[in-house]
Structures are given as C-alpha cells and as structure tokens.
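Reading through the structure tokens given below for one structure.
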Amino acid sequence: MTEFTGSVRVRFAPSPTGYLHIGGVRTALFNWLFARHHGGQFILRIEDTDEKRYVPGAADDLMASLRWVGIEWDEGPDIGGPHAPYVQSLRHEAGIYRPFVEQLLENGHAYFSFTTEEELEQLKADALARGVKAFRFRGPEREWPLERQRELAATGRPYTVRLKTPTTGVTAFRDLVRGGDRIEVKNEELYDIVLLKSTGMPLYHLAHLVDDHLMEITHVLRSDEWVASTPYHVLLYQAFGWDPPLFAHLPPILRQDGRGKLSKRKDDVSANRFWERGYLPDAMFNYLALQGWSFDGYTEIMTRAEIVERFSLERVQPSPARWNPEKLLDMNGIYIRRLSTEEVADAIAPYLVRAGFISDPPGDAERAYLLQLTPLIHERLKELGEAPDLLAFFFRDVTYDDPALLIPKKLDAATTAGALRAVRERLLLLEPWDHARLEEELRALGEELALKPGQLFGTIRVAITGRTVAPPLFDTLVALGKQRVLHRLAVAAATLAPATGEHR
RNA sequence: GGCCCCAUCGUCUAGCGGCCUAGGACGCCACCCUCUCAAGGUGGAGAUCGCGGGUUCGAAUCCCGCUGGGGUCACCA
C-alpha cells in the first residue's frame with residue numbers, strides 16, 4: 001500500500017500570510033524531492049481564501065524564497081499550467097468551488113447552517129459550563145429537508161455550509177511516514193466543519209481538497225499539524241466519491257529549546273533572513289533535507305542530485321526534529337569553503353557594497369582587489385555577511401579604542417612603541433613588498449629585538465588591523481600596501497608614546 | 001481537558017531480534033599544526049537506548065501500560 005506506480009503529482013500550498021519560514025521551506029523541499037525522485041510533477045498553489053490574513057506581496061516573496069533554495073515548480077501561479085489558475089481566490093472568482101458545494105448539498109453530505117459565530121461561541125461556552133469535555137458542534141439543520149434549508153437561505157439570512165459528519169463508526173487513513181500505519185479516529189469525536197463561509201468563500205478544507213482532486217494530486221505531503229484534520233478530508237473524499245491521495249505527514253521542526261514548533265512570531269527563521277545573512281542555497285538545501293530525513297546515518301554532505309536520488313518517504317522520521325542553527329552554520333562554512341575564490345568574491349561583493357566599501361557595481365580595480373582579499377578570509381567565513389566586518393580595515397582607517405591591545409604580553413608601552421618604530425624603519429625601504437621578504441625581515445627583526453614571533457607579530461597585527469583577530473599577517477601586509485602599513489605603524493606607535501622619543 | 005502523534009548522547013541521527021561492551025555529525029574539552037582566528041589532524045567526555053511489565057534461547061529493535069514531549073480541537077491555513 002505504500003507502493004505507488006504511476007505519475008507522481010505533489011503540491012506545496014502555502015497561504016500568503018507573511019514571510020515563508022524555514023519549516024515551510026522544508027515542507028516544500030520534501031514535496032519537491034519526492035516529485036523529482038519519482039520523475040513526477042511539483043505544483044505550487046497559493047491558498048488565499050482567508051481574506052483577513054492576506055498580506056500583499058507575500059506570494060511573490062514566498063516564491064522568491066523557494067527559488068532561492070533552488071525549488072522550482074512545474075505548474076504554478078506565475079508560470080501557469082494545465083490546471084490554471086493556481087491561486088484560490090482566482091479559482092473562486094472563476095466559480096470553481098460552488099458546484100462542488102451544491103453536489104454535497106444535493107447528495108446529503110452537507111447542509112446549510114444558520115448558526116452565527118456569536119451563537120456558536122455561546123453554545124460552546126454553555127456546553128463547557130455544563131461539564132461537557134469536548135464541544136462537537138453539529139447544526140440542527142442537518143436533519144432538515146434540503147428544501148427547507150434552501151428556503152431559509154433564500155430569505156437572505158446569512159449561512160454557512162457544513163459537512164454532515166457521521167456520528168458513529170470510525171474514519172481512518174494510512175500515513176506513509178509512519179510506515180503506512182493506520183491512524184484512526186472515532187467519528188463521534190468529529191464535528192461538522194464549515195465548507196463555505198458566510199461570505200461565500202470556501203474554507204481551506206473544501207478548497208484544497210477540490211483543487212487537489214482537480215489537479216490530480218497523488219500524494220499529500222504536509223506538516224504534521226494536519227493529521228488532526230485529515231479525517232475530515234477523508235470523509236470529504238468519500239462524500240464526493242473520489243479516491244483520496246496518499247498521505248504523508250512530515251515531522252514538525254521544533255524550536256531550539258524544544259518548546260513548541262517554530263513560529264514566525266517568536267523565532268527569527270524566515271527564509272529571507274538566512275538569505276540576507278549569507279547562507280548558501282546549497283547549504284540550506286542540504287541542511288533542510290536532513291531535518292527529518294536521513295540517508296544512511298553517516299553521509300551528510302550531499303549534492304542536490306544525490307539527495308534527489310536517495311530521498312524516500314520510508315526514511316523520513318516520524319519524530320520531531322529540532323532547529324539547530326549551529327549545524328546549519330557549520331554546513332554553510334563547508335559549502336563556502338568548497339567555492340572558488342571567484343565565486344566567493346562574487347558572493348560577498350553585495351555585502352561590501354552595502355557596507356559602502358566598494359561601489360555598485362564594483363569597478364574593475366575593486367573587483368581585482370576583492371579577488372586579492374578573498375583568499376584571506378575564505379576559509380574563515382561561515383556566513384557571507386561576516387565579510388564586511390572581517391575586511392573592514394582594508395577599507396577604513398583603523399582606530400585603537402583600547403591601546404592596551406597593542407602591547408604584547410610581558411611588554412610595556414614604551415618598548416612596544418619602540419618595536420613598532422623599528423618595524424616601520426625596517427620596512428621603509430623593503431623591496432619587493434611581498435610575503436617572503438616581509439616574513440624574512442620581520443622574523444629577523446624579532447630576533448634582534450629579542451621578541452618572540454607571537455609578540456612582535458601580535459603588536460603589528462593590532463597596529464595595522466585594529467584588532468587581535470585577523471587574517472594571516474604577511475598576506476595582510478601585502479594586501480594593505482606599503483603606504484598604509486607604514487602610516488598605521490606610525491600612528492600606533494604615536495598612540496602608545498605621543499612624544500617621538502625626544503624627552504623634553 | 002478530549003482526541004491524535006512521537007520517544008537512542010545536549011542537538012540531528014544510524015539501528016528495522018543476535019554483527020551494539022550502541023555508530024556518525026553538530027556542539028563541547030584536550031593535544032598537534034601555528035603570527036592571532038579559522039580551517040585541518042588526533043584523541044576525549046557525552047546515551048544504564050524515558051520508566052515498568054511482558055513475548056523470545058536472545059530486545060534499543062516486537063506487544064501492553066505508565067510517564068514525558070508535541071500537535072489539534074476556528075466561518076486560519
């Protein structure tokens with residue numbers, strides 16, 4: 001029963017209520033992987049039947065996020081397809097849903113409900129007050145003849161249309177993530193869900209299901225939070241006389257502290273945020289694939305092609321995964337290190353532009369300089385967004401907010417200033433200005449001054465970069481250029497000992 | 001609270017009855033390399049497989065109960 005032969009068609013159906021967060025990307029990714037693995041189609045559909053929560057621009061943003069990680073769709077809002085349109089509000093306007101509501105009304109599986117939201121709330125409050133453990137609403141009209149329902153509706157009285165759920169028996173479905181195990185619910189636990197709102201707009205339950213059927217969706221892979229409503233969907237398929245798709249409920253991604261699932265409000269996990277901070281699409285793709293799925297327990301770094309080839313629902317874990325930004329960060333570093341110098345330079349350029357270090361677009365000279373600087377920070381980068389900070393001293397004058405940092409262990413200010421001046425002196429006429437010559441001269445000078453390499457190089461580092469942690473010294477000196485190095489050495493020495501050595 | 005789902009190192013996971021005195025990765029701690037930081041290398045700490053019963057010659061692996069965690073109970077998706 002978990003085997004499926006035929007053309008696979010899956011969909012990702014987000015609602016445009018805000019930015020797409022990482023959990024949504026994961027759901028989309030698993031659908032995409034499943035489709036690609038089976039050579040099927042992946043469809044994107046926008047579920048915007050909730051006018052109240054609609055956020056303008058959210059659909060475009062969400063599509064951009066998906067494309068960023070490399071998830072492209074075969075049919076969707078912007079590219080169309082055989083079942084267009086792929087936006088539910090448009091489908092509603094086209095009158096797609098209403099006939100299906102009529103069908104259920106006619107075959108007795110749905111009914112007009114005239115209970116208002118306020119009345120419903122009151123009924124619920126009363127029931128709970130009476131000690132009812134769970135309020136299961138079923139409207140009185142479900143027993144009325146359809147004609148009477150229609151007559152009342154015709155008077156202009158607001159109504160919703162509800163599904164007439166059975167009160168006895170059980171409803172069950174199988175879940176592919178749980179090895180095809182049955183999940184069963186007693187029908188008495190159910191209530192009559194709304195299919196059509198009083199505004200005439202279909203509710204998610206109805207709209208998504210009609211669309212899935214019309215679009216010939218074969219597998220529904222969605223987040224775990226949907227299992228509770230799946231029995232209603234199964235009942236709906238039965239009411240229509242349609243074959244339901246196969247279900248697979250993906251484990252939720254829990255918050256870092258394990259308390260609850262990720263949420264847009266409490267957690268900074270919008271896909272955009274990672275894009276901005278400089279996460280590579282490949283790294284995000286790889287990390288997310290491992291949130292709930294694993295290949296063999298050993299192999300973690302895999303190409304997209306390998307993941308597509310290896311992906312299977314049988315290896316999707318039913319238990320929740322937990323959001324682990326440190327692992328993502330590590331993986332991003334791995335992917336960055338695998339890039340070429342040119343690729344990294346291109347990738348960090350926008351960040352340097354934003355920091356005001358280079359022009360937009362970078363000129364030839366800037367690009368050449370960037371290519372020279374990139375190797376210095378390449379393997380130190382974990383997020384591309386760190387680049388401006390790591391390279392700041394190449395583009396801005398340095399300041400010594402804490403001059404004490406210039407002074408190496410076991411040395412005093414005067415000696416350090418003297419050493420820095422000696423360095424400056426030594427480098428003044430150095431030719432050529434390259435790594436080998438610089439290292440040669442400075443090591444020799446260190447010995448002459450009876451300073452350990454760590455002491456001398458450390459103070460030079462702070463003098464020219466303004467910080468204790470920086471890229472390797474000699475490459476930095478070369479990239480900085482003689483003039484700036486000499487200048488900074490002088491400034492640093494003067495900062496430690498204002499007078500130039502002449503006492504009084 | 002009702003109902004549903006889940007349960008192996010701090011985290012992600014391997015394990016689908018004997019190969020497990022439980023393997024890998026992130027993180028953490030040492031050491032090596034070394035001009036700092038990274039990267040890389042080596043090693044280490046870290047899980048009585050949530051607890052209790054069964055089944056079996058034999059259970060992390062199967063069954064039951066308990067506990068814990070999560071989800072869901074909308075005219076939201």
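In what follows, chains are A, B, ... by sequence order, proteins preceding strands, each numbered from 1.
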On a whole-Å scale, what distance lies between the [atom1] atoms belonging to [N] and [M]?
{"N": "B/C28", "M": "B/C37", "atom1": "P", "result": "14 Å"}
{"N": "B/A25", "M": "B/A39", "atom1": "P", "result": "15 Å"}
{"N": "B/U55", "M": "B/A60", "atom1": "C1'", "result": "16 Å"}
{"N": "B/C49", "M": "B/G43", "atom1": "C1'", "result": "25 Å"}
{"N": "B/C6", "M": "B/G40", "atom1": "P", "result": "38 Å"}
{"N": "B/C64", "M": "B/G24", "atom1": "P", "result": "33 Å"}
{"N": "B/C76", "M": "B/G71", "atom1": "C1'", "result": "16 Å"}

Any side-chain N or O of [X] below 4.0 angstrom from OP1/OP2 of [N]?
{"X": "A/Arg315", "N": "B/G15", "answer": "yes"}
{"X": "A/Arg322", "N": "B/U13", "answer": "no"}
{"X": "A/Arg443", "N": "B/C35", "answer": "yes"}

Whole-Å distance between [N] [atom2] and [X] [atom1]?
{"X": "A/Asp389", "N": "B/C37", "atom1": "CG", "atom2": "C1'", "result": "12 Å"}
{"X": "A/Leu391", "N": "B/C37", "atom1": "CG", "atom2": "C1'", "result": "14 Å"}
{"X": "A/Gln317", "N": "B/C6", "atom1": "CD", "atom2": "P", "result": "11 Å"}
{"X": "A/Leu445", "N": "B/C35", "atom1": "CG", "atom2": "C1'", "result": "14 Å"}
{"X": "A/Asn332", "N": "B/A39", "atom1": "CG", "atom2": "P", "result": "13 Å"}
{"X": "A/Ile301", "N": "B/U13", "atom1": "CD1", "atom2": "C1'", "result": "14 Å"}
{"X": "A/Met302", "N": "B/U13", "atom1": "CE", "atom2": "C1'", "result": "11 Å"}
{"X": "A/Leu288", "N": "B/C12", "atom1": "CG", "atom2": "P", "result": "15 Å"}

Between [X] and [Y], how do the two ring planes meet: parallel, tilted or perpendicular, split at 30° and 60°?
{"X": "A/Tyr204", "Y": "A/His208", "result": "parallel"}
{"X": "A/Phe274", "Y": "A/Trp323", "result": "perpendicular"}
{"X": "A/Trp144", "Y": "A/Phe114", "result": "parallel"}

Those residues that, when tested against A/Val423, pass side-chain contact (heavy atoms from CB on, under 4.5 Å) (two or more places apart):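 Residues passing side-chain contact (heavy atoms from CB on, under 4.5 Å) with A/Val423: A/Leu427, A/Leu442, A/Leu445, A/Leu456, A/Ile460, A/Leu489.
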Any residue meeting side-chain contact (heavy atoms from CB on, under 4.5 Å) with A/Ser89, in chain and number order, not counting sequence neighbours: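 By the side-chain contact (heavy atoms from CB on, under 4.5 Å) rule, A/Ser89 matches A/Asp48, A/Val87.
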Cation-aromatic face contact A/Arg304/A/Phe285, 6.0 Å, 45 degrees: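 Yes, a cation-pi geometry holds between A/Arg304 and A/Phe285.
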Does the structure show a Watson-Crick or G-U wobble partner for [N], both distances under 3.5 Å? Name it, or say none.
{"N": "B/C73", "value": "B/G1"}
{"N": "B/C20", "value": "none"}
{"N": "B/C33", "value": "none"}
{"N": "B/A47", "value": "none"}
{"N": "B/A39", "value": "none"}
{"N": "B/A25", "value": "B/U11"}

Of residues 459-475 of chain A, the positions that come close to RNA chain B - non-hydrogen atoms, cut-off under 4.0 Å: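 The stretch gives A/Arg461, A/Thr468, A/Val469, A/Ala470, A/Pro471, A/Pro472, A/Leu473, A/Phe474 as the residues lying under 4.0 Å from the strand, ordered by number.
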A/Phe311 and A/Phe30: CA distance, side-chain angles, deciding distance, ring-ring contact (aromatic ring centres under 6.0 Å, His included) verdict: CA-CA 9 Å; A/Phe311 186 80; A/Phe30 278 28; 5.2 Å; yes
Residue pair A/Thr168 / A/Asn187, side-chain donor-acceptor N/O under 3.5 Å: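 The criterion, which ignores hydrogens and geometry beyond distance, is not satisfied for A/Asn187 and A/Thr168.
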Pairs touching residues 115-130 of chain A that satisfy salt bridge (charged side-chain N to carboxylate O under 4.0 Å, His left out), sequence neighbours left out: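 Every candidate salt bridge (charged side-chain N to carboxylate O under 4.0 Å, His left out) pair involving residues 115-130 of chain A fails, so no pair, neighbours aside, qualifies.
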Sugar-phosphate only, base, or nothing, as touched by A/Glu184 at under 4.0 Å among non-hydrogen atoms: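 Sugar-phosphate, backbone atoms only, no base.
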Touch class at under 4.0 angstrom, heavy-atom based, for A/Gly292 against every strand present: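 Sugar-phosphate, no base atom in range.
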Full working for ring-ring contact (aromatic ring centres under 6.0 Å, His included) between A/Tyr279 and A/Tyr335: CA-CA 9 Å; A/Tyr279 279 82; A/Tyr335 274 91; over 10 Å; no
Which residue lies more 5' along RNA chain B, comparing A/Gly458 with A/Asp181 via nearest heavy atoms: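 Result of the comparison: A/Asp181.
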Residue mapping more 5' on RNA chain B - nearest nucleotide basis, A/Arg178 or A/His435: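 It is A/Arg178, whose closest nucleotide lies nearer the 5' terminus.
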Over all atoms of both residues, closest heavy-atom pair of A/Ser319 and A/Pro251: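 In terms of heavy atoms, the two residues are closest at O-CB, 3.2 Å.
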Atom of A/Thr167, atom of A/Arg138 and distance for their closest heavy-atom approach: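 Closest heavy-atom pair between A/Thr167 and A/Arg138: CG2-NE, 3.5 Å.
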Pairing of A/Asp175 and A/Arg222 as salt bridge, 4.0 angstrom limit: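 Salt bridge: no.
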SB check A/Glu184 A/Arg182 (cutoff 4.0 Å):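 A/Arg182 and A/Glu184: salt-bridged.
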With the criterion being N/O to N/O and under 3.5 Å, what pairs connect the protein with nucleotides 21-27 of chain B, and how long is each?
unit_1, atom_1, unit_2, atom_2, d
B/G23, N2, A/Gly297, O, 3.0
B/G24, N2, A/Glu300, OE2, 3.4
B/A25, O2', A/Glu300, OE1, 2.6
B/A25, O2', A/Lys327, NZ, 2.8
B/A25, N3, A/Lys327, NZ, 3.3
B/C26, O2', A/Lys327, N, 3.4

Sugar-phosphate or base contact per nucleotide [nucleotides 66-77 of chain B; S, B, -; heavy atom under 4.0 Å]: ----SSSSSBBB
